[in-house]
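Below is one structure; the comments refer to it alone.
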Amino acid sequence: MSGRSSGKSIMEIPTDYTIIDLETTGLDPHWDNIIEVACIKYRGGEEAGRIQSLIQPPIREDADEDGLPYIDGFIEKLTGITNDMLKDAPMFKDIESQIEDFLAGELLVGHNVKFDINFLHDSFAPYDVPFENDFVDTMRISRRVLPDLPHHRLGDLADYFNISGTHHRAMGDCEMTHGVLLGLAGIIKEKGIELAKKDFWREKIDLRSLQANPAKFIKDHIFYDRICVFTGKLERLTRQEAAQIVVNIGGHCENGVTKRTNFLIVGNFDYRMHVKGNKSTKMQRAEQLILKGQDLQIMSESAFYDLIEGEID
DNA sequence: CTACCTCGAGCTCA
DNA sequence: CTCGAGGTAG
C-alpha cells in the first residue's frame, strides 16, 4: 500500500518553501495518525501564509484500557493536546483539500521531515493525491553544518540558536524549524560551506599530501624516508591517523601500491566478500612486486603498531 | 579523477 | 534514513 513515488531530498537553503510539522498519535505511520498539522509558506524570505488545525484521529483500538479515546497519556503529556481538545476537531477528510491546495508544488521544509511526509503520504493516499514534493531536511543540514553537536534534535537546535517557542505543538515547531533554518543559513554563509557539493563527505584526503615537522623526524626509524601503503580496515586508528604517524616519523604514504612502495600494512577484510582468497588487490599487487625483487615488506596491523609504539598520542 | 558499491553504527520523528 | 571508512572499475 505504500506509494512508491516520493520527492527527493534537497541540500540547500531555499528561498521559496513551506515549513511543515505534524503531531501524531505515535511514531509509526502504519499504525498511528495525525492529530495536528501546521504549515507556514515563505516567499523570498517573507511569510506568505499559514494554516493550522487539530485533527480528530480514529478512535484508538486499545482505548478501553485507559478510557482515552484518541491519544494515550504519553502523547497528551508530550504535546499538551488533550483528548478533550480533539473531540470537536475536524477529521482529516474535512480539511484534506485545504492542506492539499496549500502544499501543492511546494518545496517542503521540516526537521526530520521524512517523518511528516510519510504520514501525509499515507493520509493523502485514499484521495489519489500524488504526494511527491521535494524536501529540505533541517536535521540533515544541521548534521552537515554542525557535526560536533552532541544531538541534532529540534529542541537542542532551538537552544543552540536561542529560539523560543512552543515545542511539540505543530505551529510552535514550524516556527522553531524556521529559526533553525535561518541559523543554519547564517553559519553556512559565514563559513562558506558548500552544501550542494556532491560527495563532499567522501573527500578522501590524498595521503601523499600529509605534512609534518621535519625537525621531529626520527632518522633511524624503519619508516624514515620510505613509502607506506595501507589496505583493509584498521582497528585502532583511522587510515589517516595511521598515515600521519608515518609522516611524523619522516616517512611517506601513498594511496596505492606502486614500484616505489616499501611497506604494505594490512588491516581486516573479514566482511569483504568480494576480496578473493582474503587478499585485496593491493596485497596481490605487492606479492607480485616482491617476487620481482622489490624492496617491499607486507606487515600486519599489529606489527605496524609495534613499530610505531611511542608515536601514538 | 570520477563515479559508484557496501557494511555497520547511530540517530530522529510522536 | 544517512554517513564514515573502505573498496572497485574505468
Side-chain angles (χ1 to χ4, degrees), chain A residues 6 8-11 20-38 54-55 57 60 70-81 86 108 110-122 135 137-147 149-158 167-170 172-174 176-177 180 195 197-209 229-243 255-257 265-276 278-285 301:
Chain A
S6 168
K8 42 183 198 297
S9 174
I10 308 290
M11 283 300 272
I20 63 171
D21 188 69
L22 306 176
E23 304 308 312
T24 70
T25 60
L27 292 172
D28 187 346
H30 191 71
W31 296 108
D32 294 308
N33 296 100
I34 302 172
I35 56 173
E36 189 181 35
V37 57
L54 289 174
I55 297 176
R60 291 165 57 217
Y70 303 119
I71 54 178
D72 62 29
F74 177 81
I75 296 296
E76 272 198 347
K77 187 149 187 286
L78 178 71
T79 63
I81 298 169
L86 260 10
L108 305 178
H111 200 70
N112 197 21
V113 67
K114 276 290 270 180
F115 173 84
D116 306 85
I117 287 175
N118 288 338
F119 271 93
L120 286 173
H121 186 279
D122 285 7
F135 55 91
D137 184 357
T138 50
M139 185 179 78
R140 196 179 165 206
I141 294 177
S142 163
R143 288 190 169 140
R144 186 82 67 83
V145 172
L146 300 168
L149 280 192
H151 297 286
H152 296 81
R153 295 168 296 203
L154 181 58
D156 298 314
L157 293 170
H167 195 20
H168 289 306
R169 286 300 298 269
D173 280 353
C174 279
M176 284 172 53
T177 301
V180 168
L195 268 190
K197 189 166 167 191
K198 198 163 194 231
D199 287 357
F200 96 107
W201 57 88
R202 289 180 222 200
E203 272 171 6
K204 55 175 163 211
I205 61 122
D206 188 344
L207 296 185
R208 291 172 297 187
S209 68
V229 173
F230 297 88
T231 184
K233 176 187 166 131
L234 300 178
E235 295 298 328
R236 284 175 56 190
L237 302 174
T238 67
R239 191 172 285 198
Q240 185 182 340
E241 287 166 342
N255 308 296
V257 173
I265 295 108
V266 182
N268 270 339
F269 294 94
D270 40 6
Y271 62 85
R272 274 214 129 101
M273 304 315 292
H274 57 81
V275 177
K276 297 195 214 86
N278 217 27
K279 288 181 181 174
S280 69
T281 54
K282 281 178 187 172
M283 214 188 308
Q284 294 170 41
R285 178 105 200 268
E301 181 179 356

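The sequence lines fix the lettering, A, B, ..., with proteins before strands; numbering per chain opens at 1. Just so it is clear, the model here is predicted, and its values are computed rather than measured. When reading the values below, keep in mind they use all heavy atoms of this one structure, side chains included, and skip hydrogens, waters and symmetry mates.
- Within 4.0 Å (heavy atoms only), A:Phe74 reaches at least one base atom of the nucleic acid.
- Across all non-hydrogen atoms, the minimal contact from A:Asn33 to A:Pro57 is CB-CB, 3.8 Å.
- For residues 22-35 of chain A, there are no salt bridge (Lys or Arg N to Asp or Glu O under 4.0 Å) pairs, not counting sequence neighbours.
- The side chain to side chain donor-acceptor pair (under 3.5 Å) search around A:Arg208 returns A:Asp206, not counting sequence neighbours.
- Judged as a side chain to side chain donor-acceptor pair (under 3.5 Å), and not counting sequence neighbours, the contacts of A:Glu241 are A:Thr238.
- Among the atoms of the strands shown, none is found under 4.0 Å from any heavy atom of A:Thr25.
- Atom NZ in A:Lys282 sits roughly 13 Å away from atom P in C:dA9 (whole-Å rounding).
- Protein atom NZ of A:Lys233 is 14 Å distant from nucleotide atom P of C:dG4, rounded to whole Å.
- Under the rule for a side-chain contact (heavy atoms from CB on, under 4.5 Å), the partners of A:Arg239 that lie at least two apart in sequence or sit in another chain are A:Leu207, A:Phe230, A:Lys282.
- Contact annotation: A:Arg140 side-chain N/O to C:dC3 OP1/OP2 distance is under 4.0 Å.
- Counting only N and O atoms by type, the side chains of A:Asp137 and A:His111 include no donor and acceptor under 3.5 Å apart.
- Here B:dA14 presents its P atom at 10 Å from CE of A:Met176, a figure rounded to the nearest Å.
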Are there any protein N/O atoms within less than 3.5 Å of an N/O atom in nucleotides 9-13 of chain B, and if so, which ones and at what distance?
residue : atom : partner  : partner atom : Å
B:dC11  : O3'  : A:Arg143 : NH2          : 2.6
B:dT12  : OP1  : A:His152 : N            : 2.5
B:dT12  : OP2  : A:His151 : ND1          : 3.3
B:dT12  : O2   : A:Asn112 : ND2          : 3.2
B:dC13  : OP1  : A:Leu154 : N            : 2.7
B:dC13  : O4'  : A:Asn112 : ND2          : 2.9

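- In this structure, A:Gln240 places its CD atom 12 Å from C1' of C:dG4, rounding to the nearest Å.
- If you take CD1 of A:Ile10 and P of C:dT2, they are 12 Å apart, rounded to a whole angstrom.
- The separation between A:Arg60 atom CZ and B:dA14 atom C1' is 14 Å, rounded to whole Å.
- Here the side chain of A:Arg144 is nearest to one of B:dA14, C:dC3, C:dG6, namely C:dC3.
- Across the protein-nucleic acid pair, A:Asn118 atom CG and C:dT2 atom P stand 11 Å apart, rounded to whole Å.
- Residue A:Met11 contributes atom CE, which lies 10 Å from atom C1' of C:dT2 at whole-angstrom precision.
- The ring-ring contact (aromatic ring centres under 6.0 Å, His included) check on A:Phe135 picks up nothing, with sequence neighbours excluded.
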